[in-house]
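Throughout, a chain's letter reflects where its sequence line sits, starting with A, and its residues are numbered from 1. In what follows, every heavy atom counts, from backbone to side chain, and hydrogens, waters and symmetry copies are set aside.
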Amino acid sequence: MYEATKSEAKWQKKWRESGIYKADLKNPVKPKYYNVTMFPYPSGDKLHVGHWYNYAPVDSWGRYMKLKGFEVFQPMGFDSFGLPAENYAIKTGVHPAETTRANIEKMKEQIRAIGGMFDLDLNLETSSPEYYKWTQWLFLQLYKKGLAYRREAPVNWCPGCMTVLANEQVQEGKCERCKSEVVQKKLRQWFFKITDYSEKLLDYDGLDWPEKTIAMQKHWIGKSEGVEADFRISEDQSKKIRIFTTRFDTIYGTNFVAIAPEHPKLFDYVSDSERAVVEKYVEASKKKSELERQMEGKQKTGVKTGMHAINPMNGEAMPIYVADFVLMYGTGSVMGTPAHDERDFQFAKVMKILAPQVIVAKDGDKYEDDVAEWSDTLHDDGIMVNSGPYTGMKNREALEKMASEMEIAGWGKKIVNYRLRDWLISRQRYWGAPIPIIYCEKCGEVPVPEKDLPVVHPHVKDYVPKGTSPLATVEEFVNVACPKCGGAGKREVDTMDTFVCSSWYFLRYPDAGNSAAAWDKKIVDKWMPVDMYIGGAEHACMHLLYARFIHKVMNDLGFVGSAEPFKRLVHQGTVTKDGAKMSKSKGNVVSPDEFVEKYGSDVFRMYLMFMGPFTEGGDWSDRGITGIARFVDRFWRCMELESDGAEFEVKVHQTVARVTESIEKMNFNTAISALMELTNAAFAKGLNKRQKEMISIVLAPLAPHLAEEVWESLGHGESIFTKSWPKADPKFLVKDVITYGIQVNGKLRGTVDLGKDVEKEEALAAARVVVAKYLTGEAKKEIFVAGKIIGFVV
RNA sequence: GCUCGGGUGGCGAAAUGGUAGACGCGCUGGUCUUAGGAACCAGUUCCGAAAGGAUUGAGAGUUCGAGUCUCUCCUCGAGCACCA
């Protein structure tokens, strides 16, 4: 009888004592493998099924790579600054410095109970001065390069969290964390100039990432190539209005211009007579929240400004409108071409702008002069019509020609636009890394000299968010001498977005104890890039984008040799309970503890992996865990029995091959089922020693404790994880006798067993006998695919 | 609305264009047992007594052969959402 609990405690202790999960970081002899999972934040809640669903496959993968002969580095730290830790502290009334400490210890114990080979002894915690010192250093490097700057801008304000948020943290107009409705505020805040890296971030060359994640990032960066053009104002020929379009080819159909209410120069384009109306409209749209704008959907509103722009192609005067469907990005004003843009069409309908004219016609042979209903078929590429000298050209070619001619004429140029905004990193919250900047009356904005780092995060009693940073209440912190002139200075009191802390932790792991630098380039370049990065898909446009940006900056500054941080990325799926995401508020959190206690960690983690492909997640149900428990039991019994194993030799090698293939594809579920099949076949008779050794090694990534126990029972003193992955002998993988299916007119009508080297004629002859009664009439076609199928068409 | 994924037994799920439903749960029957929610053996897609027939969300297409490829549609999930 295998006693999981006892055995697991024993092996966890042995692994820790022998340091088997430690990698030789400075001088890896074997090829390195850097296996990382997104580090957790200590929140005070226990580990739930979702954590296990993440960490178990990561660990199985790491153990597999270890058995394959790699020096595997599989560290884990804690993302301990940030809102989860702070909110937990607010809830319990205990200072975050204390709760964080306690929670990390608690979580470490729980993570150790999984029996993973995570290296938790590096003590990487983003809230410790040894770590955030270097987060501040990182800030200074960006500052020096002009990539960190402060400006006043309308920003997203979350009234629930009482802080500003980055664009990435606003979802459907609500705070990503607390779901409060986000409002716009104009504030002076710190930004990272991620937009400088828009183009570089679009390069995914050499990355093995899920297509979907790449698509999401690309969409978020939102590159569009278009044209910026100046239109003259007909009321005042000295004035121009600059518009942006991606469809310059449709300009002959343009019959209005629309400008965003927030446009700084809006009133340059408003006539005196319309001034009052426009002011009213601007006021009204300012009051609308992001959410209200979305609620209105495609219902367009706007008012005339009273001025007109001149269409440079045909000289027509077009009315200018102020309309809030135009966003204050890029030029903040657009040309309206109702026939070729649905929004323009909707707006034109509301404003009763008449007779939108088709410019690009499908196929060129049929088009309507006037568009009564907008249809996206009109949007297709095609042949130019109604377009003066360009009529008859292919529209994409016309676009190029028109744009070059315009550039020569000097009233516009081709440009590339991105929707990515700069990363707002200021937070008016307590539990984060202080921004290392001092404001001096004389010298202005002064960066804290690197030798003065860290800017120590002050202890504050009342850290409940009030809308301004709690750090501002600590006078000894705020008042400081200017590092430049020695005069009176005041510290920046905002803290950094926790995503800054998490954007570089994987660079710290290999050299976590370094007190002289953020990391030693030599060591880090040995380990970077991360070979396998596993974590949730929800970070696609946040952490995963920020980390790439920071890494590229560090690469450009010469601090790292690699251009990308994560070579291969895999997202685990989400485990739901009754179809809903597990959350404490819903009260549907499943705790692994009782199952681990009853069945052991091996059974629990295998059960999670057996649910299905781990990238897909699934709905939690404890029905069925007994199946894995039975398997473990049978497996153990199988290993206890001794036989010569002759009859299982083929099966053993096939199982090794199948498990290898499955794990290689990270299909842990089918790896387990292959082992089940073998166990079911052999558990009553047993295997020979060599066979047991092979099988226990291929089981080891999935059930490490059980595998160690078996290995030891086979008389080995050393850990199974010092061994190497077995190779299936190809001679056992080819069956001598193959059962062929026989199809007649595509329907299966029988089977026949044939030798592996059977000739076509012989096979067909044998098959004909089996399905004789279906072979009526004349045979039209006979099919023989070696190793696969025999077919007749009659 | 746009961009991705999915849709296969009562359930979780397998299937390089080649015998659909491996493996597991559950269920049915049996063996062993004072008893068993333990263990083992057998069965289990649906309809049908059987012969046989049907079957991978719906429909069409390509193919000797389609869960798998192509098109149209339905539906569920995720993400983005007036970026011109």
Whole-angstrom distance between B:rC47 and B:rU72, as gauged at atom P: 36 Å

Parallel, tilted or perpendicular, as decided by the 30° and 60° cut-offs, for the rings of A:Trp411 and A:Phe231: tilted

Out of B:rA14, B:rA84, B:rG24, whichever nucleotide has its closest atom nearest the side chain of A:Phe610: B:rG24

Nucleotide nearest A:Thr246 (side chain, heavy atoms from C-beta), chosen from B:rA84, B:rC40, B:rG24: B:rA84

Touch class at under 4.0 angstrom, heavy-atom based, for A:Asn669 against every strand present: sugar-phosphate

Nucleotide B:rC82, atom P - distance to CG of A:Asp324 in whole Å: 11 Å

A:Glu616 (side chain) and B:rG5 (base): donor-acceptor pair under 3.5 Å: no

Given B:rG26, B:rA84, B:rC23, the nucleotide with the shortest approach to the side chain of A:Met676: B:rC23

Syn/anti label of B:rG9 as read from its glycosidic torsion, with the cut at 90° from 0: syn

P-based separation of B:rA51 from B:rA58 [nearest Å]: 27 Å

Whole-angstrom distance between B:rC40 and B:rA54, as gauged at atom P: 39 Å

Separation of atom CD1 in A:Ile672 from atom P in B:rA14, rounded to whole Å: 12 Å

Cation-pi check, A:Arg548 onto A:Tyr204 ring (under 6.0 Å, within 45° of axis): yes

Whole-angstrom distance between B:rA66 and B:rC11, as gauged at atom C1': 26 Å

B:rU72 pairs with, by Watson-Crick or G-U criteria that keep both distances under 3.5 Å: B:rA58

Sugar-phosphate only, base, or nothing, as touched by A:Phe683 at under 4.0 Å among non-hydrogen atoms: sugar-phosphate

Closest to side chain of A:Thr670, choosing from B:rG65, B:rC41, B:rA14: B:rA14

Between B:rC80 (P) and A:Leu545 (CG): distance, integer Å: 13 Å

Nearest-nucleotide 5' precedence on RNA chain B, A:Val334 against A:Met611: A:Met611

Touch class at under 4.0 angstrom, heavy-atom based, for A:Thr751 against every strand present: base

Separation of B:rC82 C1' from A:Ile259 CD1 (nearest whole Å): 17 Å

Spacing of the C1' atoms in B:rG10 and B:rU45 (rounded, Å): 10 Å

Sugar-phosphate, base or nothing in reach of A:Arg421, heavy atoms under 4.0 Å: base

Presence of A:Arg658 side-chain N/O under 4.0 Å of B:rA15 phosphate oxygens OP1/OP2: no

Distance test, side-chain N/O of A:Ser621 to OP1/OP2 of B:rC25, below 4.0 Å: no

Short side-chain N/O contact from A:Lys781 to OP1 or OP2 of B:rC64, under 4.0 Å: yes

G-U wobble or Watson-Crick pairing nucleotide for B:rC80 (cut-off 3.5 Å, both distances): B:rG1

Touch class at under 4.0 angstrom, heavy-atom based, for A:Asn680 against every strand present: sugar-phosphate

Between B:rG5 (C1') and A:Lys212 (NZ): distance, integer Å: 6 Å

side-chain N/O A:Lys773 vs B:rG52 OP1/OP2, d < 4.0 Å: yes

Separation between the C1' atoms of B:rC64 and B:rC73, rounded to whole Å: 29 Å

Closest nucleotide among B:rC80, B:rC64, B:rA15 to the A:His219 side chain: B:rC80

ring-ring contact (aromatic ring centres under 6.0 Å, His included), paired with A:Trp52, selected from A:Trp620, A:Phe614, A:Phe604: A:Phe604

Salt-bridge contact A:Glu677-A:Arg658 (side-chain N to carboxylate O under 4.0 Å): yes

Proximity to the side chain of A:Pro613 - top-ranked nucleotide from B:rC40, B:rA13, B:rA20: B:rA13

Nucleotide nearest A:Thr626 (side chain, heavy atoms from C-beta), chosen from B:rG26, B:rC4, B:rA84: B:rG26

A:Glu677 side-chain proximity, nearest of B:rC23, B:rC25, B:rA84: B:rC23

Atom-to-atom span, CZ of A:Phe631 to C1' of B:rA39 - whole angstrom: 17 Å

For B:rG43, the Watson-Crick or wobble counterpart (both distances under 3.5 Å): B:rC27

Salt-bridge contact A:Asp230-A:Arg242 (side-chain N to carboxylate O under 4.0 Å): yes

Identified pairing partner of B:rA15, criterion: Watson-Crick or G-U wobble below 3.5 Å: none

Value in whole Å for how far the C1' atom of B:rU19 lies from CG of A:Leu754: 14 Å

B:rG9 - base-pair partner by Watson-Crick or wobble geometry, distances under 3.5 Å: none

First of A:Asp344 and A:Arg623 reached from the 5' end of RNA chain B, by closest nucleotide: A:Arg623

Phosphate contact (B:rC40 OP1 or OP2) by A:Arg637 side-chain N/O below 4.0 Å: yes

B:rG48 versus B:rG53 - spacing of their C1' atoms, nearest Å: 9 Å

Nearest-angstrom distance from the residue atom CZ of A:Arg419 to C1' of B:rC2: 10 Å

Side-chain N or O of A:Arg630 closer than 4.0 Å to phosphate OP1/OP2 of B:rC25: yes

Stepwise side chain to side chain donor-acceptor pair (under 3.5 Å) test for A:Asn156 and A:Asn167: CA-CA 7 Å; A:Asn156 305 302; A:Asn167 273 6; 3.0 Å; yes

Geometric cation-pi criterion, A:Arg634 with A:Phe683: 6.0 Å, 45°: yes

Identified side-chain contact (heavy atoms from CB on, under 4.5 Å) partner of A:Ile790 from the options A:Leu764, A:Ile783, A:Val758: A:Leu764

Exceeds 12 heavy-atom contacts within 6.0 angstrom, atom CD of A:Glu597: no

Gap in Å between the two C1' atoms, one belonging to B:rC23 and one to B:rG30, rounded: 24 Å

